[in-house]
Amino acid sequence: MKLVFLGAPGAGKGTQAAEMAKRFDLEHASTGDIFRRAVAGGSELGATVKSYLDGGRLVPDELTARVVGRMVLEEEPDFILDGFPRTLPQARLLEEMLNARGEELDGVIYFELGHEDAMVRLTGRVVCGGCGRNYHVKFMPPAEEGVCDRCGDELIVRSDSSREVVERRLREYEEKTEPLVGYYTRAGLLKTVDATRSPAEVSGATEELIKSLMNDE
Ligand code: AMP
């Protein structure tokens, strides 16, 4: 099963991708996590992408697609791509990379959320400095403030969570990523989930969609 999770920053697609990957035994491939880990680990890739992440700007398409090709498509037969593609050129590159291997996407799940809702959600995000797990101070707090439930490490405010950076990320999303909704609708691949609902309701709806895609296979 090869899936793309699409949606505005803050729509909860990362949380859903992690949960569904576990539930259906798929690889959870988040380009945001790959880039953040590269920055934290001080690799060459990290040095290249740091300024983009800190500024809330998209990493160039070519580089992003190369990273996905090498770290995901070549390694994993079944996956959820979380945060990729984010532009039309990336979507075309993904299609080319899959086609070259005689493969194709099974579906694109679109987590639909308006601009204002996204703004509220994004300005309270914290991330574990150790394992990379995401939390929200209001909507998904850890059991103990400032401490990761999973590994006990310290939680830090994401460098891309200031109001100014969030505004820029949402603008980037609206200009560059939202056109993918039409693109994947025309390809007959898009399934929409209302992301304004509670995480449990969104999980339920997402699970049903993935099951129906599996039945279609
Ligand atoms: P995320 O955690 O998915 O919100 O991603 C965090 C940051 O990583 C984004 O604001 C971008 O700077 C970068 N990034 C993640 N995925 C992509 C992508 N597909 N294309 C370009 N930049 C990306």
Side-chain angles (χ1 to χ4, degrees), residues 1-41 43 45-46 49 53 58-59 64-86 90-91 93-94 97-98 101 103-111 113 121-122 125-136 139-140 142 148-151 153 155 158 160 173 177 180 184 189-193 195 199-214 217:
M1 174 86 2
K2 299 177 202 313
L3 300 172
V4 164
F5 279 19
L6 181 66
K13 65 183 178 352
T15 304
Q16 291 299 329
E19 202 177 314
M20 295 303 136
K22 213 191 278 166
R23 166 80 178 76
F24 292 99
D25 196 21
L26 305 167
E27 174 72 11
H28 173 203
S30 155
T31 41
D33 285 350
I34 291 172
F35 290 148
R36 272 187 293 278
R37 255 183 242 131
V39 172
S43 67
L45 173 66
V49 302
L53 264 73
L58 292 183
V59 174
T64 308
R66 218 167 40 231
V67 167
V68 171
R70 210 182 51 225
M71 294 177 78
V72 185
L73 306 186
E74 283 174 18
E75 303 287 328
E76 305 293 339
D78 295 298
F79 52 76
I80 297 174
L81 285 178
D82 161 20
F84 180 90
R86 259 179 155 100
Q90 286 181 14
L93 286 167
L94 173 62
M97 289 189 291
L98 287 171
R101 308 153 63 82
E103 297 170 342
E104 55 186 23
L105 285 177
D106 294 292
V108 175
I109 301 189
Y110 170 46
F111 297 88
L113 186 78
R121 290 187 183 188
L122 284 171
R125 281 177 141 187
V126 288
V127 62
C128 175
C131 71
R133 184 168 181 177
N134 286 296
Y135 297 86
H136 192 284
F139 301 116
M140 212 189 13
C148 180
D149 293 345
R150 186 158 65 191
C151 74
D153 238 324
L155 300 182
R158 277 175 50 160
D160 54 9
Y173 170 76
T177 310
L180 294 180
Y184 283 125
L189 288 170
L190 199 88
K191 312 276 176 201
T192 302
V193 171
E201 286 173 310
V202 174
S203 296
T206 308
E207 198 173 320
E208 287 312 308
L209 280 178
I210 296 177
K211 279 188 196 153
S212 75
L213 286 170
M214 284 180 157
E217 252 188 331

### Query
Do the side chains of Leu6 and Leu190 get nearer than 4.5 Å, heavy atoms only?
yes
#### Entry: For Leu94 against Pro85, the heavy-atom pair lying closest together
CD2-CD, 3.9 Å
### Shortest non-hydrogen contact from Ala8 toward Leu113
CB-O, 4.5 Å
### Query
Does some side-chain heavy atom of Leu213 sit less than 4.5 Å from a side-chain heavy atom of Lys191?
yes
### Task
Would you mind reporting whether Phe84 and Val67 have side-chain heavy atoms less than 4.5 Å apart?
no
### Task
Taking the side chain as every heavy atom from C-beta outward, state whether Leu189 and Val4 have any pair of such atoms under 4.5 Å apart.
no
### Task
Identify the two heavy atoms, one from Glu207 and one from Phe24, that lie closest to each other, and give their separation to 0.1 Å.
CG-CZ, 3.6 Å
### Query
For the atom pair CG (Leu93) and CZ (Arg66), what is the distance rounded to the nearest 0.5 Å?
11.0 Å
### Message
Quick check against the 3.5 Å criterion: does Lys2 have a side-chain atom that pairs as donor or acceptor with the backbone of Glu104?
### Response
no
### Message
Distance check, rounded to the nearest 0.5 Å: Met214 atom CE versus Met1 atom CE?
### Response
5.0 Å
#### Entry: Contact summary for Arg133 and Cys148, nearest pair of heavy atoms
CB-SG, 4.5 Å
### Between CE on residue Met71 and CD on residue Glu76, distance to nearest 0.5 Å
10.5 Å
### Query
Going from CE on Met97 to CD on Glu74, what distance comes out if it is rounded to the nearest 0.5 angstrom?
9.5 Å
### Query
Hey, does Thr31 have a side-chain heavy atom less than 4.5 Å from the side chain of Val72?
no
#### Entry: Check: Asn134 and Thr15 side chains under 4.5 Å, non-hydrogen atoms
no
### Summary
Interatomic distance, CG@Leu73 vs CG@Leu81, rounded to 0.5 Å, equals 6.5 Å
### Message
For Phe5 versus Gln16, what's the shortest heavy-atom pair and its separation?
### Response
CE2-C, 3.8 Å
### Query
Short question: side chain of Arg36, backbone of Val127 - any donor-acceptor pair under 3.5 Å?
no
### Task
Check whether any side-chain N or O of Tyr135 sits under 3.5 Å from a backbone N or O of Asp149 as a donor-acceptor pair, and report yes or no.
yes
### Message
Is it the case that the side chain of Gln90 and the backbone of Arg86 share a donor-acceptor pair, with hydrogens and angles ignored and the cut-off at 3.5 Å?
### Response
yes
#### Entry: Exam field: side chain Arg158 to backbone Arg125, donor-acceptor pair closer than 3.5 Å
no
### Message
If I compare all heavy atoms of Ala21 with all of Glu27, which pair ends up nearest, and what's the gap?
### Response
CB-C, 4.4 Å
### Message
Just so I know, are the side chains of Thr206 and Phe111 near enough to count as touching, which here means a heavy-atom distance under 4.5 Å?
### Response
yes
#### Entry: Derivation and outcome, side-chain contact (heavy atoms from CB on, under 4.5 Å), residues Ile210 and Ile109
CA-CA 9 Å; Ile210 296 177; Ile109 301 189; 3.8 Å; yes
### Backbone of Asp82 reached by a side-chain donor or acceptor of His28 within 3.5 Å
no
### Query
NZ of Lys13 to CD1 of Ile80: how many Å apart, nearest 0.5 Å?
12.5 Å
### Message
Are Thr64 and Val49 packed together at the side-chain level, in the sense that at least one heavy-atom pair is separated by less than 4.5 angstrom?
### Response
no
